[in-house]
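Any value given below was found using the heavy atoms of this structure, including those in side chains, with hydrogens, waters and symmetry copies removed. Just so you know, ligand 1 is whichever comes first in the structure, and atom 1 is the first atom listed for that ligand.
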Amino acid sequence: EPVSVDRIINEAFDQTRITAEKKGIELKSMGVTGAEVLGNDTQLVTAVKNLVGNAIAYSPEGTSVEVTVSVCRPEGSVAKSETICIAVRDQGIGIAADELDRIFERFYRIDAARSRATGGTGLGLAIVKHTAVNHGGRVEVSSMPEAGSVFTLMLPARSLPSDTAAPDSDEIGTTEDVVC
Ligand code: ATP
Ligand code: MG
């Protein structure tokens, strides 16, 4: 079924707003509107919710979490269909380069996270990756310790916004990109 990307983000924000408010974290969305992808709306909302939830959980109080939608062409891609990129950017603790390729594994948590009082299970990102791949897409991460992270969910576009802005490709730092 066609799913509105705007709706996915609004739903994900609705499901994380209370947690964000408790930490004084502002949720912002920007970029193109009116894009659609093909797939399961519940799974897609859960994927974005997991990314926004992580951004909140692994950031200090008073920071902001930005979700940016763009029409993007993955590096080296020769696919004919356009890709919708949903980038979730935080100003949080970041992830060390040598952990980047492990965080998508089931139950994997970085030590600092594992010892947190309020714990998760380490499944959130495995679910995001699974959902991305199931929808013909993928997920990438770019991060710098103590500066923040950007997780980008890439999905084949079903329909594009009428006003297709140029992809915004600025990134936090330059540690390493991991493609899943
Ligand atoms: P849950 O199953 O409740 O989501 P979790 O958040 O620990 O538990 P994942 O979402 O899979 O599990 O994330 C795995 C690990 O990756 C986290 O434990 C954390 O160490 C790290 N991580 C994920 N997102 C971020 C982020 N935005 N900033 C810093 N570290 C992150
Ligand atoms: Mg999580």
Determine all donor-acceptor pairs shorter than 3.5 Å in which one atom belongs to a side chain in residues 34-45; sequence neighbours excluded.
from: Glu36; atom 1: OE1; to: Arg158; atom 2: NH1; distance (Å): 3.0
from: Glu36; atom 1: OE1; to: Ser159; atom 2: OG; distance (Å): 2.9
from: Asn40; atom 1: OD1; to: Thr42; atom 2: N; distance (Å): 3.0
from: Asn40; atom 1: OD1; to: Gln43; atom 2: N; distance (Å): 2.8

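Closest of all the heavy-atom pairs between Phe13 and Lys28 is CZ-O, 3.5 Å. Heavy atoms only, all atoms of each residue included: Ser59 and Thr63 are closest at CB-OG1, 3.6 Å. In terms of heavy-atom proximity, Val32 sits nearest to Asp6 at O-OD1, 4.1 Å. Pairing each heavy atom of Gly94 with each of Ser143, the nearest pair is CA-OG, 3.4 Å. Shown here for Phe104 and Val139, the closest heavy-atom pair between the two residues is CE2-CG1, 3.5 Å.
Remark: Arg138 engages Glu140 in a salt bridge, criterion side-chain N to carboxylate O under 4.0 Å. With respect to Arg102 and Glu105, a salt bridge is recorded, a charged nitrogen being found less than 4.0 Å from a carboxylate O.
Within ligand 1, counting atoms from 1 as listed, the ones closer than 4.0 Å to a heavy atom of Ser149 are 28 (N). Within ligand 1, counting atoms from 1 as listed, the ones closer than 4.0 Å to a heavy atom of Gly94 are 29 (C). Residue contact check: Tyr108 has heavy atoms under 4.0 Å from atoms 14 (C), 15 (C) of ligand 1.
Contacts between Asn50 and ligand 1, counted as non-hydrogen atom pairs separated by less than 4.0 Å, are absent for every part of the residue. Here Ile95 has side-chain heavy atoms under 4.0 Å from ligand 1, and that is the only part of it that gets that close.
Scanning Val141, Ile110, Leu51 for the heavy atom closest to atom 20 (O) of ligand 1 points to Ile110. Heavy-atom proximity to atom 27 (N) of ligand 1, evaluated over Val128, Asp90, Ile127, is greatest for Asp90.
Within 6.0 Å of atom CZ in Arg106, 12 or fewer heavy atoms from other residues, nucleotides or ligands are found, so the atom counts as exposed in its surroundings. Residue Glu1 places its CD atom among more than 12 non-hydrogen atoms of other residues, nucleotides or ligands, all under 6.0 Å distant.
With a 4.5 Å cut-off on side-chain heavy atoms, Leu155 and Thr83 do not count as touching.
Within the model, atoms OG of Ser4 and CG of Asn10 stand 7.5 Å from one another, a figure rounded to the nearest 0.5 Å.
Using 4.0 Å as the threshold, Gly92 has no heavy atom nearer than that to any atom of ligand 1. Under a 4.0 Å heavy-atom criterion, Phe151 is in contact with ligand 1.
Considering both main-chain and side-chain atoms, Gly120 never comes within under 3.5 Å of ligand 1 through any nitrogen or oxygen pair. Taking distance alone, with nitrogen or oxygen atoms compared against 3.5 Å, Gly124 approaches ligand 1 more closely than that limit. Some N or O of Gly122 is nearer than 3.5 Å to an N or O of ligand 1, by distance alone. Among the atoms of Thr121, some N or O lies under 3.5 angstrom from an N or O of ligand 1.
Of all protein atoms, those of element N, O or S that lie under 2.8 Å from the Mg ion (ligand 2) number 1.
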